[in-house]
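Here the structure is laid out as structure tokens; the discussion comes afterwards.
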Amino acid sequence: MNNADIGKIMLEIGELLEIKGDMIFKIRAYLKAAEILSTYPEDLVKLYKETGIKGLTQIPGIGEGLAKKLEELFNTGKIKYFEDLKKELPEGLLELLSVQGVGPKKAKIFFEELGIKDLKGLEKAVKSGKLKGLKGMGEKTEENILKGIEYRKKGNERMRLGDALPIAEGLIKELKAAGAKEAVFAGSLRRGKETAGDIDILVTAKEHGKAIEAFTSFERVSRVLAKGGTKASILTKDGIQADLRVLAPDEFGAALNYFTGSKDHNVLLRELAIKKGLKLSEYGVFKGEKRFASKTEEEVYRALGLPYIEPELREGRGEIEAALNGKLPRLVELGDIRGDLHMHTAASDGTGSIRELVSAAKKKGYEYIGITDHSASLKVARGLSSELLLKRIKEIETLNKNLKGLRVLCGSEVDIKPDGTLDYNDGLLSRLDYAIGSVHTSFRMKKDDMTKRVIRAFKSGRMKIFGHPTGRLLNEREPYEIDMGEVISAAAGEGVALELSASPYRLDLTDINCRAAKEKGALVSINTDSHAIGELDNMKYGVTTARRGWLEKNNVINCLSLKALLRFLAK
DNA sequence: GCCGTTTTCGGCCCGACTGTTTTCAGTCG
């Protein structure tokens, strides 16, 4: 049972309690716990085994009551309270909550009045007109629920950051061209989250109507969902929803803060405001009726006695406490990156040549790059034979002699075989500048075995970077089972850097694991894993994710000078 | 159910919109 599973159980308990109509604050405690537990950096089962119930109550948001339920779950695999709830209310009701416009109250009415137990039942009931006559439900409600069910069926998954960001930037550009004074995106996109559910855009404009008109008639619009005096929603041709809000300049900062979120961050800010006898809303910070901060985000934070908090940190994961104590990290920036240590050429499964990569890296102002084609056994990616790799070492040696301002390192992305050995022999590995060890085969190993496999490779002393550590592909493939807590500790101990793959398909390490790495003293290497020249530009996504993981320059090996990096690799 | 420069009780974020109402509940972000 991993943390995500545990969080899901807490979520389901909370939602069932909502439907049941239990105390709102009890419900909130469960929902909050769900959020905290599912993103908790340590393996919770392990934490319990090592520290007992005390360790669990150390987690903010987990008190004695929840800790006991967790204990029961870990020991028996079940929570009686949850099982009883499920007897009372069918589990299928939870599906209903994912339909836009259906919340706990409606779900309860559907169950009690019509015996609806799941989504299918709801659809049938709507279509046969059974909702009419229920309290508070008319034609419009029926229509909306049907639309909601259709939308949900389409499998509207969240869009990857790398797909959503260019669309948002495109919309911003068009809005500015259409006369918007300021135009920015907010929401999870601004916080740099790995996926976005929609695109929130805020603008200030002289004429509100004009901005709305422009927004709803862009080329990329496929459908206008709503259009009013100050806001509008569209569906783009890429199938993502974009919401526009037009604001007065003097409320821009407060609105930007509010619409950037996260919800948890906002709630905590508001609680802080209350403690100070103030009120915070999307219109500003108020003392009584009087508004005294709203123009810029800096102003809003200052009014609450806080320094500016970077959007990537606004997840309600301790950033406000850190801000209060003057302990906010100085987050790594794209400009701090001095090189890219993971890229492929046409020799294996890439498309470019070393020379092309060198020239592109020079344009970025990099001091070094590492060429890391695949190793021999990875036949699907045309991994290099030992002979070819030896040739490659010589080739790069020669290249470096005539190269100014950039050093090319000769590395390899070496497969970690199922038994934990590396795919080239020791002698050959020792001649490389470094090796990235990666898992490309036998993804379905048991958690324990996978963890041992990787740690054994760490202990070889021949790999300096652990490539895309969890193997996930966003929206496509779940991570393989591995105990990241243990892996991160081992990485810190063995001097292996954990890769943060900047590929928008991976972003692996996750933000949460980055933070755990920082706390345990493991270093991170932010690499693009480029297979084509243009992919070198993906570095920004990696840096964003690193920032979400609270990483600073000194946590990242490719922020080191060449000299310091070589020292790290030689260790 | 959690939590404490409001500390073991009594708090727990704020506002808009929608659809159904005739003053508001439910849902959403």
Side-chain angles (χ1 to χ4, degrees), chain A residues 10 13-15 17-19 21-37 56-70 79 81 96-110 131-145 147-148 186-189 191 196-200 202 225-233 241 243 245 247 251 254-255 257-286 291 300 304-305 314 316 320-321 324-325:
Chain A
M10 291 293 134
I13 294 177
E15 287 181 334
L17 289 174
E18 267 191 304
I19 297 173
D22 212 312
M23 279 171 45
I24 181 71
F25 295 109
K26 183 156 124 188
I27 293 164
R28 251 179 235 173
Y30 276 98
L31 298 181
K32 201 174 164 198
E35 176 74 30
I36 291 165
L37 297 177
L56 295 175
T57 55
Q58 296 295 308
I59 302 170
I62 306 300
E64 217 168 308
L66 286 177
K68 273 194 182 141
K69 293 212 167 57
L70 290 174
I79 299 176
Y81 184 60
L96 306 190
L97 302 182
S98 66
V99 176
Q100 285 272 335
V102 179
K105 299 288 155 72
K106 286 203 178 81
K108 189 179 188 191
I109 294 174
F110 295 151
L131 263 54
K132 281 195 200 81
L134 288 181
K135 198 182 121 209
M137 277 175 246
E139 247 175 64
K140 202 77 186 181
T141 309
E142 274 189 328
E143 204 183 305
N144 283 339
I145 288 177
K147 266 192 211 159
S188 55
L189 206 52
R191 302 200 308 280
D198 62 3
I199 298 174
D200 293 307
L202 308 182
L225 299 170
K227 185 175 163 185
T230 58
K231 54 190 261 185
S233 291
Q241 184 176 331
D243 301 330
R245 293 159 212 267
L247 302 157
E251 61 191 17
N257 181 248
Y258 172 75
F259 287 111
T260 297
S262 64
K263 189 168 182 263
D264 290 340
H265 180 80
N266 287 353
V267 169
L268 291 165
L269 281 184
R270 283 164 187 206
E271 284 173 358
L272 184 67
I274 291 169
K275 272 185 203 155
K276 293 180 177 287
L278 306 169
K279 187 186 76 172
L280 170 66
S281 77
E282 62 253 55
Y283 298 109
V285 182
F286 295 82
R291 179 170 79 179
V300 170
L304 299 173
R314 301 181 196 169
I320 291 173
E321 205 186 1
L324 284 169
N325 297 326

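Throughout, a chain's letter reflects where its sequence line sits, starting with A, and its residues are numbered from 1. Quick caveat, the model's predicted, so the values are computed rather than measured.
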Compare all side-chain heavy atoms of A:F110 with those of A:I19 and state whether any distance is below 4.5 angstrom. no
Could you measure between the two [atom1] atoms, the one in [N] and the one in [M], and give it in whole Å?
| N | M | atom1 | answer |
| --- | --- | --- | --- |
| B:dC17 | B:dT21 | C1' | 14 Å |
| B:dG26 | B:dT20 | P | 14 Å |
| B:dG15 | B:dG10 | C1' | 25 Å |
| B:dC28 | B:dT23 | P | 26 Å |
| B:dC12 | B:dA16 | C1' | 22 Å |
| B:dC3 | B:dT8 | P | 16 Å |
| B:dG29 | B:dC13 | C1' | 12 Å |

Establish, with yes or no, whether the OP1 or OP2 oxygen of B:dG11 is under 4.0 angstrom from a side-chain nitrogen or oxygen of A:K275.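 No, outside the criterion.
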What does [X] touch in the nucleic acid at a heavy-atom separation under 4.0 angstrom: a base, only the sugar-phosphate, or nothing?
| X | answer |
| --- | --- |
| A:K68 | nothing |
| A:K32 | nothing |
| A:L280 | sugar-phosphate |

Closer than 3.5 angstrom, by distance alone: can the side chain of A:R314 be matched with the main-chain N or O of A:R191 as a donor-acceptor pair?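 Absent.
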Just by distance, do the side chain of A:T260 and the backbone of A:A186 share a donor-acceptor pair under 3.5 Å? no
Please give, in whole Å, the distance from [N] [atom2] to [X] [atom1]?
| X | N | atom1 | atom2 | result |
| --- | --- | --- | --- | --- |
| A:N257 | B:dC13 | CG | C1' | 13 Å |
| A:L70 | B:dG1 | CG | P | 12 Å |
| A:I320 | B:dC3 | CD1 | C1' | 16 Å |
| A:K147 | B:dT18 | NZ | C1' | 12 Å |
| A:Y283 | B:dA16 | OH | C1' | 7 Å |
| A:K231 | B:dA16 | NZ | C1' | 6 Å |
| A:E251 | B:dG15 | CD | P | 13 Å |
| A:E64 | B:dC2 | CD | P | 8 Å |

Which residues pass the salt bridge (Lys or Arg N to Asp or Glu O under 4.0 Å) test with [X], sequence neighbours left out?
| X | result |
| --- | --- |
| A:R28 | none |
| A:K231 | none |
| A:R245 | none |

Please give the nucleotide sitting opposite B:dC17 as a Watson-Crick or G-U wobble pair, both distances under 3.5 Å, or none.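 Matched B:dC17 with B:dG26 under the 3.5 Å cut-off.
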Applying side chain to side chain donor-acceptor pair (under 3.5 Å), name anything that partners A:Q241, two or more places apart in sequence or on another chain.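 With sequence neighbours excluded, A:Q241 shows a side chain to side chain donor-acceptor pair (under 3.5 Å) to A:D243, given in chain and number order.
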Please check if atom NZ in A:K32 has more than 12 non-hydrogen atoms from other residues, nucleotides or ligands closer than 6.0 Å. no
Tell me which donor-acceptor pairs under 3.5 Å the side chains of residues 134-143 of chain A have, and how far apart each pair is, sequence neighbours excluded?
| residue | atom | partner | partner atom | Å |
| --- | --- | --- | --- | --- |
| A:T141 | OG1 | A:G138 | N | 3.4 |
| A:E142 | OE1 | A:K132 | NZ | 3.3 |

Of B:dC2, B:dC12, B:dG15, the nucleotide closest to the side chain of A:E271 is B:dC12
Give the B/S/- string for nucleotides 19-29 of chain B, one per nucleotide from 5' to 3', where a protein heavy atom under 4.0 Å of the base yields B, of only the sugar-phosphate yields S, and otherwise -. SS-----SSSB
Contact list please: residues 21-31 of chain A against DNA chain B, heavy atoms, distance less than 4.0 Å, in numerical order.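 Those residues whose heavy atoms fall under 4.0 Å from DNA chain B, taken from residues 21-31 of chain A in numerical order, are A:M23, A:F25, A:K26, A:R28, A:A29, A:Y30.
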Output side-chain donor-acceptor pairs under 3.5 Å for residues 264-280 of chain A, partner residues at least two apart or in another chain, one line each.
| residue | atom | partner | partner atom | Å |
| --- | --- | --- | --- | --- |
| A:H265 | ND1 | A:E319 | OE2 | 2.7 |
| A:H265 | NE2 | A:Y301 | OH | 2.9 |
| A:N266 | ND2 | A:Y258 | O | 3.0 |

Once side-chain contact (heavy atoms from CB on, under 4.5 Å) is applied, do any residues pair with A:A67, and if so which ones, sequence neighbours excluded? A:I53, A:L56, A:T57, A:I62
